[in-house]
Amino acid sequence: MCGRFTLTVARIEAVAEAFDAALDPADAAGYRPRYNVAPGDQHWIVRLAAGGRARTLGLAGWGLVNHWAPDAARAFQQINARAETLAQRRAYREALKSRRCVVPTDGFYEWYGPPGARRPMWLRARAGGLLALAGLYEHWTNPKTGEVRTTFTIVTTPPNALVAPIHDRMPAVLAEAEIEPWLAKGDRRVLHAAPDDALVATRVSRRVNSARNDDPSLLEPEREEDAGGQQRLFGGS
DNA sequence: CCAGACGTTGTT
DNA sequence: GTCTGG
DNA sequence: CCAGACGTTGTT
DNA sequence: GTCTGG
């Protein structure tokens with residue numbers, strides 16, 4: 001699945017340029033690199049402007065709250081949406097029809113191993129740089145305060161050959177040519193596992209476990225001898 | 001008809 | 001065990 | 001995803 | 001809002 005990720009670029013303007021999106025200047029003012037984005041956090045999404053073809057880059061909360069929800073309690077149970085069932089699920093069907101987004105990131109974490117000894121891996125693009133994750137978003141008005149929140153969920157697929165030994169799900173990573181079909185038409189054919197050679201995996205520290213930790217040292221590769229005797233899933237790396 | 005759910009993951 | 005918060 | 005709380009009353 | 005279950 002996808003329960004934590006990173007966006008470590010120095011300038012959010014570079015993300016706007018890469019995705020050909022207009023940057024919300026109010027949101028951009030508070031930008032900082034993130035090494036441990038967790039459910040419930042504010043993060044960046046690229047979406048089409050209302051009725052148009054222009055893309056915007058702005059902040060939204062991770063964990064989809066449907067516009068009809070009485071409260072935001074279910075947000076944490078809607079951080080991911082299975083690609084296979086998007087069109088059937090009541091919570092996602094409407095958003096699939098009209099509110100797709102792309103979630104910019106430069107890596108995501110997956111945990112593996114036995115209960116109580118699970119270890120995080122950081123997966124990133126083999127050549128480095130940005131990844132485009134497929135997502136859905138929605139607006140929700142808090143009935144108590146009248147405040148409008150925008151929230152999103154990340155689509156998941158079965159794993160590719162790299163991720164399969166670690167986990168049975170992974171986020172839907174869009175190739176550059178798949179971004180527009182996803183945003184404009186919700187073309188579900190783009191929701192497939194990333195090519196087997198698209199990503200590389202690094203074992204990282206269990207300090208990632210706590211969402212309070214959010215600094216560059218989280219991405220430092222952890223050596224085998226620091227790994228506490230876990231089995232070697234990645235002998236060559 | 002009204003009431004109640006609407007989700008994913010991991011673990012057992 | 002289960003829910004909330006980060 | 002994992003970590004941490006899970007409660008009320010009265011007093012400051 | 002919309003669907004399923006009773």
Side-chain angles (χ1 to χ4, degrees), chain A residues 1-7 30 32-43 59-99 103 105-124 131 133-143 148-159 163-173 191 193 201-215 218-219 222 228 230 233:
Chain A
M1 67 167 312
C2 183
R4 264 351 139 71
F5 60 88
T6 61
L7 182 65
R32 66 188 169 101
R34 295 294 309 276
Y35 303 88
N36 203 358
V37 180
D41 285 354
Q42 293 286 113
H43 186 70
L59 287 171
W62 186 14
L64 191 98
V65 180
N66 297 107
H67 67 89
W68 39 259
D71 55 55
R74 295 185 73 81
F76 286 85
Q77 293 152 299
Q78 299 191 170
I79 63 170
N80 292 140
R82 295 175 68 90
E84 300 92 320
T85 53
L86 282 186
Q88 288 91 54
R89 293 278 176 265
R90 286 194 283 284
Y92 298 132
R93 233 171 78 165
E94 285 181 71
L96 174 64
K97 283 181 186 159
S98 56
R99 291 181 296 273
V103 183
T105 168
D106 53 17
F108 58 91
Y109 297 105
E110 298 287 1
W111 278 257
Y112 73 98
R118 286 163 63 72
R119 306 196 60 87
M121 305 282 298
W122 184 50
L123 295 107
R124 66 186 192 283
L131 296 172
L133 306 186
L136 302 171
Y137 72 92
E138 197 147 335
H139 302 296
W140 175 73
T141 303
N142 184 328
V148 177
R149 286 178 50 186
T150 304
T151 59
F152 69 96
T153 189
I154 295 172
V155 177
T156 66
T157 71
V163 176
I166 306 172
H167 217 82
D168 62 355
R169 304 292 297 174
M170 69 183 290
V173 180
L191 303 178
T202 314
R203 186 202 304 278
V204 292
S205 166
R206 267 182 287 208
R207 288 187 303 107
V208 170
N209 290 11
S210 174
R212 295 188 136 98
N213 296 325
D214 185 3
D215 64 78
L218 297 182
L219 303 185
E222 178 157 286
Q230 292 302 309
L233 288 179

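- Scored by the side-chain contact (heavy atoms from CB on, under 4.5 Å) test, A:Arg212 finds A:Ser210 as partners (sequence neighbours excluded).
- Between D:dC2 and A:Arg207, no contact under 4.0 Å exists linking OP1 or OP2 to a side-chain N or O.
- Summary of the strand contacts: A:Asp168 and A:Trp68 both lie near DNA chain B, and taking for each the nucleotide with the nearest heavy atom, the more 5' one is attributed to A:Trp68.
- With rounding to whole Å, A:Ile79 atom CD1 is found 6 Å from D:dC1 atom C1'.
- In this structure, the side-chain contact (heavy atoms from CB on, under 4.5 Å) partners of A:Leu86, at least two apart in sequence or on a different chain, are A:Ala81, A:Tyr92, A:Leu96, A:Leu136, A:Val155, A:Trp182, A:Leu191.
- Taking atom C1' on both nucleotides, B:dG4 is separated from D:dT9 by 36 Å, rounded to a whole Å.
- With a cut-off of 3.5 Å on both pairing distances, the Watson-Crick and G-U wobble pairs of DNA chain B assemble into stems of 3 or more at B:1-6 with E:1-6.
- Among the protein residues, A:Thr153 comes within range of no part of the nucleic acid, since none of its heavy atoms lies under 4.0 Å from any strand.
- Of the charged side-chain nitrogens involved, none lies within less than 4.0 Å of a carboxylate oxygen, so that A:Glu222 and A:Arg203 do not count as a salt-bridged pair.
- Partners of A:Asp214 under the side-chain contact (heavy atoms from CB on, under 4.5 Å) rule, at least two apart in sequence or in another chain, are A:Arg32, A:Arg34, A:Tyr35, A:Asn36.
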Nucleotide-resolved protein contact map, nucleotides 1-6 of chain C, B/S/- at heavy-atom distance under 4.0 Å: ----BB
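- Scored by the side chain to side chain donor-acceptor pair (under 3.5 Å) test, A:Trp122 finds A:Thr6 as partners (sequence neighbours excluded).
- The salt bridge (charged side-chain N to carboxylate O under 4.0 Å, His left out) contacts involving residues 63-89 of chain A comprise A:Arg82-A:Glu84, A:Glu84-A:Arg169, where partners must be two or more places apart or lie in separate chains.
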Residues A:Phe5, A:Ile154; criterion side-chain contact (heavy atoms from CB on, under 4.5 Å); working and verdict: CA-CA 11 Å; A:Phe5 60 88; A:Ile154 295 172; 3.8 Å; yes
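- Taking atom C1' in both B:dT11 and D:dC2, one finds a spacing of 15 Å when rounded to whole Å.
- Here D:dA3 presents its C1' atom at 14 Å from CZ of A:Arg118, a figure rounded to the nearest Å.
- Between the CG atom of A:Asp71 and the P atom of B:dG4 there is a distance of 16 Å, given to the nearest Å.
- Between A:Phe108 atom CZ and D:dC1 atom C1' the separation is 13 Å, expressed in whole Å.
- Contacts of residues 90-98 of chain A with DNA chain B (heavy atom under 4.0 Å): A:Arg90, A:Ala91, A:Tyr92.
- Picking from B:dT12, D:dC2, B:dT8 the nucleotide with the shortest atom distance to the side chain of A:Pro115 gives B:dT12.
- Remark: A:Arg207 pairs with A:Ser217 by the side chain to side chain donor-acceptor pair (under 3.5 Å) rule, at least two apart or across chains.
- Regarding A:Tyr112, its OH atom lies at a distance of 13 Å from the P atom of D:dC2, rounded to whole Å.
- Under the side chain to side chain donor-acceptor pair (under 3.5 Å) criterion, A:Ser205 pairs with no residue at all, not counting sequence neighbours.
- If you run side-chain contact (heavy atoms from CB on, under 4.5 Å) between A:Met170 and each of A:Thr157, A:Leu133, A:Leu123, only A:Thr157 comes through.
- Rounded to an integer number of Å, the gap from A:Gln88 CD to B:dT8 C1' is 15 Å.
- With rounding to whole Å, A:Leu86 atom CG is found 17 Å from B:dC6 atom P.
- Between the C1' atom of D:dC2 and the CG atom of A:Asp214 lies a distance of 15 Å, rounded to the nearest Å.
- Annotation: D:dA3 and B:dT12 have their P atoms spaced 16 Å apart (nearest Å).
- Residues passing the side-chain contact (heavy atoms from CB on, under 4.5 Å) test with A:Asn209, sequence neighbours excluded: A:Trp111, A:Pro120, A:Arg206.
- Residues forming a ring-ring contact (aromatic ring centres under 6.0 Å, His included) with A:His67 (at least two apart in sequence, or on another chain): none.
- One P atom belongs to C:dC3, the other to B:dC6, and the distance between them is 13 Å to the nearest Å.
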